[in-house]
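Reviewing the structure listed below.
Bear in mind the structure is a predicted one, so any value in this text is a computation, not a measurement. Numbering of ligands and ligand atoms starts at 1, following listing order.
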Amino acid sequence: MKDLLNGLKSSINRRSFMRKGLTAAGAATVGAGLLTHSSSALGQEGPEEHSGRLTKGDAAILRFLAAAEILETDFWVQYNELGGIQDSEVPGGSGIAAYTAALKVLDGDMDQYIHDNTEDEFTHQNFINAYLASKGADQVSLEQFRTLPGSSATGSSGKLRLTNLTQLTLDTSWWTRYRSRTKNPDLGDTLPQAIPTLAVGQHTAIPRTDDDLNDPNFLQAIANTAAFHFPTIEQGGNSLYPSLAQRVTHVEVLRVVLSIGPTETAHFQTWHDKAGNAPPLTAVDPVTGVSVTFPDLNSPPFGGEDFQTNLIMPEPCPFLSRKLPVCSIIRPTETKGAAKGALNFLTAMGLFIGQSPEFFAFLRDLAEDADEARRGRR
Ligand SMILES: [Fe+2]
Ligand SMILES: [Fe+2]
């Protein structure tokens, strides 16, 4: 809690600094990420987005969610190009047979699920942006930041990307968080990692080049990393929507947020189940020398309530107060600083390695505006 408050304070300081810096130097670049912005407010506040018939807070929350969905779409597209099903619903790429097969070691339907998750993210970003426009509010575009090379393996479309799937550091504590009956991060608790080696060093979740297909053990490690990246991301969305919903003003915007959020939960639940099927192995990345170990989560020192792979339903945990009875819930759902927290989570994951300072400034601005939203305030 103290960390969260400190984080908030420093984010406020950074905000005023950044807004000033923005006015002096970066306003044109950063503001260009939005379709339009008013130049009249540049003096004090930096670029001010139009909210149209929405409250300023509702528009800011939706714009941050649109950006998050654009980023989700970008990396799901990469997964679908290489390991999903490329068709008219989700076009792009031509697949890598060996990577797709390694993913299917976890479940024969992995390619279908990757395809469907990718399509869902497309519809989330498209809908939220179209809804903003329908209310006369500014939309979000990140196209100017599409600069990362992505995979050059045969099967990739070779398109430029917004996100980087080749240097991931994954926090897999959600695994134990959803199994714990006594701990909740909203009450200040921390939880152990399921795959400790994924939480250190940088790991690729996709074949970077055709050379990554040479060693079947390393290729399985790449597929296992992807399989843990999927629920790591989706549990984030699963918390982000209810966290932000608490500060929405209009009932229809609340309906939008409450209707999209639970599909992230559906994704998370599916991927949680599949990750448990990752075959135990140790592999060393031939390019970076980084080692990863996928332990048998059902055997000591793992196993038991906190690790057993078929315990995929959320265990009840303390909620709001330890004096109240435990409850099976989504957690965390703290609303203070939720957008900034989500951005920090994605950044710490390495998803944006290689992105420009302007990209981070733009996303930080969207997050800070979303975190300033207050229920009932115009
Ligand atoms: Fe989504
Ligand atoms: Fe998602």
Does NZ or CZ of Arg179 come closer than 6.0 Å to the centre of the six-membered ring of Trp175, within 45° of the ring's axis?
yes
Legend entry - Distance-only donor-acceptor check, side chains Thr263 and Asp120, under 3.5 Å: no
The Fe ion (ligand 2) has as its nearest N, O or S atom from Glu72 the atom OE2
- Query: Just by distance, with hydrogens left out, do His272 and Glu234 show a side-chain donor and acceptor under 3.5 Å apart?
  - Reply: no
Checking distances from the Fe ion (ligand 2), one finds that the N, O or S atom of Glu234 closest to it is OE1
Do we see a donor-acceptor contact under 3.5 Å between the side chains of Glu69 and Gln125?
no
The ND1(His124)-the Fe ion (ligand 1)-OE1(Glu69) angle, to 10°, is 100°
Taking the Fe ion (ligand 1) as the apex, Glu121 OE1 and Glu264 OE2 span an angle, rounded to 10°, of 140°
